[in-house]
Amino acid sequence: MNVDSAEFEFLAESAHPDWVMRITIRGEGFEEGAIPIVAEVGTVPVEALMPTYEPGGLRGFLSAEPAEGDELRIGLLDEPLEGTDISYTRPNGGVA
């Protein structure tokens with residue numbers, strides 16, 4: 001899996017009461033298989049991670065805001081997550 005970028009957005013409202021942010025991850029090698037893809041930003045797991053309509057994208061939700069500079073890590077369930085060059089930076093302005 002190769003991550004090119006990630007976008008973080010605060011949510012004004014959410015279908016799940018604990019979700020406060022949405023993350024959209026772009027890259028390649030995110031093919032769905034029998035073992036799910038998982039991710040976390042620092043110690044905050046990405047929940048409900050799913051493919052986007054656009055090829056090469058994943059979208060999920062965070063139940064807490066990560067600390068500034070926390071690294072996005074991604075991988076397959078039950079395997080060590082791989083670090084990326086993506087670090088959390090608080091988004092400016094609006095909510096999703």
Side-chain angles (χ1 to χ4, degrees):
M1 284 177 259
N2 184 33
V3 175
D4 297 326
S5 66
E7 181 179 323
F8 297 89
E9 302 169 84
F10 286 104
L11 298 171
E13 295 182 20
S14 172
H16 191 288
D18 293 335
W19 292 340
V20 298
M21 298 190 82
R22 175 171 54 213
I23 181 173
T24 303
I25 302 167
R26 291 180 185 82
E28 55 189 38
F30 301 142
E31 287 77 25
E32 286 287 314
I35 302 173
I37 298 171
V38 295
E40 62 187 16
V41 184
T43 60
V44 181
V46 178
E47 301 176 32
L49 191 60
M50 65 195 104
T52 62
Y53 290 113
E54 306 85 32
L58 298 171
R59 181 166 291 138
F61 300 91
L62 304 172
S63 60
E65 182 179 7
E68 190 79 18
D70 277 354
E71 182 183 29
L72 170 64
R73 296 183 300 132
I74 193 166
L76 298 176
L77 184 66
D78 296 331
E79 292 185 12
L81 300 182
E82 296 180 19
T84 67
D85 291 332
I86 308 298
S87 296
Y88 176 73
T89 301
R90 192 169 217 264
N92 293 333
V95 291

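Not measured: the values here are computed from a predicted model. Sequence positions, counted from 1, serve as the residue numbers for this chain.
The two residues M21 and A64 make their nearest non-hydrogen contact at SD-O, 4.5 Å. Summarising the geometry of I37 relative to L58, their closest heavy-atom pair is CG2-CD1, 4.1 Å, with the distance given to 0.1 Å. The two atoms that bring R90 and E68 nearest to each other are N-OE1, 3.2 Å, heavy atoms only. Across every non-hydrogen atom of P45 and L62, the tightest pair is O-CD2, 3.6 Å. In this structure, A6 and I86 approach most closely via the heavy-atom pair CB-CG2, 3.7 Å. Residue L72 comes nearest to A39 through the heavy atom pair CD1-CB, 4.2 Å, listed as atom of the first residue, atom of the second, then distance.
Going from atom CD1 of I25 over to atom CD of E7 covers 11.5 Å, rounded to the nearest 0.5 Å. Atom CG in N2 sits 5.0 Å away from atom CD in E28 (nearest 0.5 Å). Taken from CG in L76 to CE in M1, the straight-line distance is 4.0 Å, to the nearest 0.5 Å. E47 CD to R22 CZ: the interatomic distance, rounded to the nearest 0.5 Å, is 15.0 Å.
For the pair S5 and R26, the minimum side-chain heavy-atom distance is below 4.5 Å. Proximity of M50 to F61: side-chain heavy atoms (C-beta onward) are separated by under 4.5 Å at one or more points.
Residues passing the ring pair (Phe, Tyr, Trp, His ring centres under 6.0 Å) test with F30, sequence neighbours excluded: none.
Proximity of a side-chain donor or acceptor of S63 to a complementary backbone N or O of D18 within less than 3.5 Å is not detected.
Counting only residues at least two apart or in different chains, ring-ring contact (aromatic ring centres under 6.0 Å, His included) contacts with residues 70-92 comprise F8-Y88.
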Point to revise | CA sep, side-chain torsions, deciding dist, call: D78, I35, side-chain contact (heavy atoms from CB on, under 4.5 Å) | key: CA-CA 9 Å; D78 296 331; I35 302 173; over 6 Å; no

